[in-house]
Amino acid sequence: MNLLKSIFSIGFITLFSKILGFFRDVLIAQMFGAQIYTDAFFLSFKVPNYLKKFFSEGIFFQAFLPILIGYKNNKKNNKFLKKFVSSVFCATIIIVSLISVVGIFFSKYIVLIIAPGFDINTIKFSLTVHLLQIMFPYVLFSSLAIFISSILHSYNYFLIPALSPVIFNIILISCVYFVSSYFFIPIFSLAWGVILGSIFQFIYQIPFLKKINMLVIPKINIFQIKLLKLIKILSPIVLGFFISQLSFLFNSFFSSYIASGSISWIYYANRIMEFPVGIIGISLSTVLLPFLSKIFSRGNQKDYNNLLDWGLRLSIVLGIPCSIIIGIFSYPIIVSLFQYGYFNYFDSIMTSKALSAYSIGLMAFILIKIVSPAFYSRQNLKIPINSYIISIILTQCMNFLLVVKYRHVGLIFSSVIGSWIHFVILIYYLFKKKFFIPCNKWKKFFYRILISSISMIFFLILFLKLINVWNEGSNIFRITRLFIILFISIFIYTMTLFFLGYNIKYNKKLY
């Protein structure tokens with residue numbers, strides 16, 4: 001399988017999904033603006049979405065997938081592999097169902113804990129509770145969808161799982177556009193769209209399990225050797241999740257007390273950030289982890305090192321121009337994409353400030369997703385979890401200092417600094433443990449990046465000087481103008497890299 005082809009295929013599908021997600025957010029911004037309804041939805045959705053991330057990026061991505069790949073490489077009998085998958089499948093259904101039921105019954109207390117400031121406004125509080133109760137089953141269906149995706153990844157089926165967010169966004173957009181008018185409170189259409197989208201994400205992938213002969217009946221066997229190993233290595237993940245839950249509570253606590261609309265400003269800025277993080281970071285890590293796990297199980301350190309080195313360089317090449325664009329063009333991006341309907345000039349200013357703050361940490365967000373698989377592929381979870389815990393503790397300490405002065409931007413600054421600390425710790429231990437030894441010519445590589453970045457910055461600043469007003473014209477005109485400018489700037493960056501001799505290809509094919 002050609003790695004670059006796989007990465008760009010997933011990246012393209014992820015881009016399409018993010019565009020749909022952007023269209024969804026524009027639709028939400030136009031129909032609901034940035035007010036108590038959107039604040040209630042975004043905060044209530046954070047809880048099940050956070051739990052979903054725990055199962056996806058935690059259990060299935062960090063623990064289950066490397067074990068599954070190791071099992072595949074060492075066991076020729078498919079019978080044992082199916083028993084392992086069946087046990088994990090059943091355990092997931094039981095545990096996540098219990099979590100969902102408990103969450104529904106205790107939604108009121110969850111909102112009281114994560115957003116005590118909402119109690120001041122009884123309408124906002126009650127709305128958040130009801131939305132959370134509707135959306136809690138999302139944890140179950142999305143976790144099962146990700147479980148299936150992990151199995152498909154181990155068989156080099158990357159495109160099928162990558163399409164599932166596209167289905168989710170299409171259903172959510174349909175619910176907002178066609179169904180919201182039938183609700184007394186239209187924002188509830190979003191909540192039901194989340195549930196329907198997650199169900200279809202799960203169902204859509206089932207036929208492909210049958211295609212690879214891995215469609216099994218959920219049946220748990222607690223004495224299954226690999227299941228016991230999975231349970232054993234979950235302890236640091238659970239600890240990390242517990243600490244991150246505390247961080248989530250603190251973040252929600254702070255955001256519930258700052259100005260109304262702040263949660264929505266952060267959300268919209270974060271949605272822009274998810275474009276490069278998803279297209280670059282997640283696409284790369286999705287492909288790198290299975291291959292790094294396979295190479296490590298075969299004991300080929302040279303190929304392992306070369307692949308990780310290539311992945312780091314590629315993430316930097318693709319991530320740097322995105323950081324520059326988001327940092328310099330934050331206001332034109334927000335105005336062109338969101339300032340319509342109820343989303344006003346003040347919302348644009350506040351959201352652009354949040355986006356500028358996020359741009360400082362974009363490379364850290366991407367690099368963490370590239371470096372972490374180096375540990376997961378070795379089934380070494382202690383280092384990434386401990387570094388994550390340290391970064392979270394420092395983030396919350398900084399929140400007390402920064403939120404008071406910088407309000408919603410202070411929350412982002414804390415997260416950005418914490419992410420850079422997280423990355424520095426990870427890369428330090430990669431070198432210390434000799435999991436990774438950089439290949440030659442990194443100085444020359446950074447020189448090429450620097451020259452290409454300067455040429456791009458010059459072009460972007462020139463257009464900022466030439467265009468003073470960004471909120472005039474139709475939405476099609478604004479968006480088209482924005483994308484033409486960004487396309488030209490990326491073209492200048494790419495051509496400069498090309499003339500300086502950078503080669504993006506990873507020539508070796510891995511199977």
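The structure displayed is predicted, hence computed values, not measured ones.
Scanning for side chain to side chain donor-acceptor pair (under 3.5 Å) contacts around Ser414 gives Asn399, with sequence neighbours left out. Among residues two or more places apart in sequence or in another chain, the side chain to side chain donor-acceptor pair (under 3.5 Å) test is passed with Ser352 by none. Among residues two or more places apart in sequence or in another chain, the side-chain contact (heavy atoms from CB on, under 4.5 Å) test is passed with Ile199 by Phe141, Ile195, Ile203. With sequence neighbours excluded, no residue forms a side chain to side chain donor-acceptor pair (under 3.5 Å) with Gln201. Scored by the ring pair (Phe, Tyr, Trp, His ring centres under 6.0 Å) test, Phe463 finds Phe459 as partners (sequence neighbours excluded). Here Pro384 pairs with Phe375, Tyr376, Asn380, Leu426 under the side-chain contact (heavy atoms from CB on, under 4.5 Å) rule; sequence neighbours left out. With sequence neighbours excluded, the residues forming a side-chain contact (heavy atoms from CB on, under 4.5 Å) with Leu466 are Leu462, listed by chain and number. The side chain to side chain donor-acceptor pair (under 3.5 Å) search around Arg271 returns Asp25, Glu274, not counting sequence neighbours. For Phe41, the ring pair (Phe, Tyr, Trp, His ring centres under 6.0 Å) partners two or more places apart in sequence, or in a different chain, are Phe45.
Within the structure, every pair that satisfies the side-chain hydrogen bond (donor to acceptor under 3.5 Å, both in side chains) test and touches residues 415-429, not counting sequence neighbours, is listed here: Ser387-His422. Counting only residues at least two apart or in different chains, side-chain hydrogen bond (donor to acceptor under 3.5 Å, both in side chains) contacts with residues 323-337 comprise Ser330-Ser356. Counting only residues at least two apart or on different chains, the side-chain hydrogen bond (donor to acceptor under 3.5 Å, both in side chains) pairs with a member in residues 445-457 are Ser455-Thr496.
Here the shortest heavy-atom pairing between His408 and Met350 reads NE2-O, 2.9 Å.
Seen from the ring of Phe291, Lys294 counts as a face-on cation partner, given the 6.0 Å and 45° thresholds.
In this pair, Tyr268 and Phe338 present their aromatic rings tilted. The plane angle is within the 30 to 60° band.
Counting only distance, with no hydrogens or angles, the side chain of Arg478 and the backbone of Val335 share a donor-acceptor pair below 3.5 Å. Remark: the backbone N or O of Ala374 is paired with a side-chain donor or acceptor of Tyr304 at under 3.5 angstrom.
One finds the CZ atom of Phe329 at 10.0 Å from the CD1 atom of Ile461 (value rounded to the nearest 0.5 Å). Going from atom CD1 of Ile171 over to atom OG of Ser198 covers 8.5 Å, rounded to the nearest 0.5 Å.
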